[in-house]
There are 2 protein chains.
Amino acid sequence: MNKEDQVISGFRDLYNKLVWLNKSKMEVSLKGHKPSEVHCIEYIGKHADANVTKLAEHFYMTRSAISKIAKKLMEKGLIESFQRPDNKKEIYFKLTERGEAVNRIHEQLHNEFRERDKAVFEPITEAQWDQMMRFVERYSRHLDAEMKNQGVDRTPE
Amino acid sequence: MNKEDQVISGFRDLYNKLVWLNKSKMEVSLKGHKPSEVHCIEYIGKHADANVTKLAEHFYMTRSAISKIAKKLMEKGLIESFQRPDNKKEIYFKLTERGEAVNRIHEQLHNEFRERDKAVFEPITEAQWDQMMRFVERYSRHLDAEMKNQGVDRTPE
DNA sequence: GTCATTTTGTTTCCTTGTCAACAAAATTTA
DNA sequence: TAAATTTTGTTGACAAGGAAACAAAATGAC
C-alpha cells in the first residue's frame with residue numbers, strides 16, 4: 001500500500017474511532033438524543049438559514065432522512081420551524097431554549113474531547129496545520145469538480 | 001473554529017465526499033453488490049484469517065451485521081467458509097473464484113480513483129506524507145489508549 | 001399572463017444495521 | 001476434572017436511513 005492510501009485509510013480509521021468513542025461519551029451526557037439529532041441541533045445552532053435541504057447537503061444524507069429527524073426534534077421541543085414572509089415553501093429551523101441547552105451540553109462535551117486529545121495536537125506546528133488544511137481543501141475542490149463532471153452535482157455548503 | 005477542528009471536520013467532509021462519489025462509480029461497475037459487501041470481499045481477500053469478529057472490529061460494525069452480510073455473500077457464491085481442524089467454533093472466510101473476480105474489478109476501480117486524484121497527490125512531498133502518517137498514527141494510538149481507559153476495549157487490527 | 005420545469009418537503013415502502021437474547025464451543029477458575 | 005466465564009456466530013425485533021412517488025410552491029420560458 002502506498003502512502004496516499006495509507007494516509008487516507010488511516011484517517012478513515014481515525015474517524016471511525018472518534019465516532020465510536022465519542023458516541024459512547026455522548027450516550028452518557030446526552031441521554032435520549034441520537035448522534036444524528038445532536039448533529040442537526042449543532043448545525044441549526046450555527047446556521048440561521050438551516051432547512052431540510054441544507055441539512056441534507058451538509059450531512060450527505062437524503063432530505064427524507066432529515067425530514068424525519070427534524071420531525072422528531074420538533075416533537076421533543078428542541079427546535080421550531082418558521083417561514084419567511086416572502087416564501088411559503090421553504091421551512092427554516094431554529095433552536096428552542098431547550099434545544100440551546102442541549103447544544104451547550106454538546107459544546108461542553110466537545111471541549112472535553114479537545115482537552116482529552118490536547119497532547120496529540122500540541123506538537124503539531126502552525127505550518128503543519130496549514131499544510132494539512134491546504135491538502136484537504138485542494139482535494140475537496142478536486143472532488144467537487146469531479147462530481148460536477150460526472151453530472152452528479154451536489155455541492156454542499 | 002480553530003485549526004484542529006478545521007482539519008478534522010475538513011477530513012470528515014472529504015471522506016464523505018469520497019464515499020459519496022465512489023459509491024456512484026461502484027454502482028456502475030459492481031452492479032448488484034453493496035459497498036459493504038465489496039468492502040468485506042476486499043478484507044477477506046487480504047486476510048487469510050478473516051472471520052465475523054475480525055470483520056466487525058475492522059469496520060466498526062456489530063458481529064450481527066457482518067454475519068448477515070457474510071450470509072448474503074455465501075448465497076451469492078462470492079465467499080465460502082471453512083474451519084480449522086483444531087477449532088470447531090471459529091468460522092473463517094475465503095473468496096471463491098467469483099469473489100476474486102469481484103475483488104479484481106474493485107481493485108481496478110481503486111486504480112481509477114487513484115488516477116483521477118493524481119493531480120492532488122503529486123505536489124505532496126514525501127516529508128508531508130510522513131508528517132500526516134505520524135499524526136494519524138499518534139492520534140490513533142491515543143484513542144486506543146483512551147478506549148482502554150474507558151473500559152470500552154475494542155482494539156481493531 | 002400561462003404552462004412547463006425545478007425546488008422543497010413529506011410520506012410509504014424497503015434495506016441495512018443495531019440491540020438483545022441465544023446456543024455452542026473455548027477458556028478460565030477453582 | 002467440573003463449573004463458571006468468555007468468545008464466537010446467529011437470529012428476531014426494532015430503528016435509522018435511502019429510493020421513489022407525491023403535493024405544493026417557486027422559478028423559468030414563452
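Proteins come first, then strands; the chains are lettered A, B, ... in the order of their sequence lines, and each starts at number 1.
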Pairs under 3.5 Å (N/O, protein and nucleotides 15-17 of chain C):
{"unit_1": "C:dT16", "atom_1": "OP2", "unit_2": "B:Lys72", "atom_2": "NZ", "d": "3.0"}

Exercise for review: Compare all side-chain heavy atoms of B:Ile66 with those of B:Thr62 and state whether any distance is below 4.5 angstrom.
Suggested key: no
Find out if a path of hydrophobic residues (ILVMFWY) with successive side-chain heavy-atom gaps under 4.5 Å connects A:Met132 to B:Val120.
yes
With ring centroids as reference points, do B:Phe82 and B:Phe93 lie under 6.0 angstrom apart? no
With distance as the sole test, does A:Thr96 use its side chain to make a donor-acceptor pair with the main-chain N or O of A:Glu80 at under 3.5 Å?
no
Q) Are a donor atom and an acceptor atom from the side chains of B:Arg116 and B:Asn22 found within less than 3.5 Å of each other? A) yes
Between A:Ile66 and A:Asn87, whichever has its closest DNA chain D nucleotide further toward 5' is A:Ile66
When rounded to whole Å, the NZ to P distance for the pair B:Lys23 and D:dG18 reads 7 Å
Polar atom pairs between nucleotides 1-8 of chain C and protein, under 3.5 Å, N or O only, would you list them?
{"unit_1": "C:dT7", "atom_1": "O2", "unit_2": "A:Lys89", "atom_2": "NZ", "d": "2.5"}

- Message: So does A:Tyr43 get a backbone contact from the side chain of A:His47, meaning a donor-acceptor N/O pair under 3.5 Å?
- Response: yes
A:Lys76 side chain to A:Gly32 main-chain N or O, any donor-acceptor pair under 3.5 Å? yes
Notebook entry, point to check: Does A:Ser67 get its side chain close enough to the base of C:dT11, under 3.5 Å, for a donor-acceptor pair?
Noted result: no
B:Lys71 atom NZ is separated from D:dG12 atom C1', nearest whole Å, by 11 Å
To the nearest angstrom, the CG-P distance between A:Asp86 and D:dA26 comes to 9 Å
Report task. Consider only side-chain N and O atoms of A:Tyr139 and B:Asp117, and report whether a donor and an acceptor are under 3.5 Å apart. Result -> yes
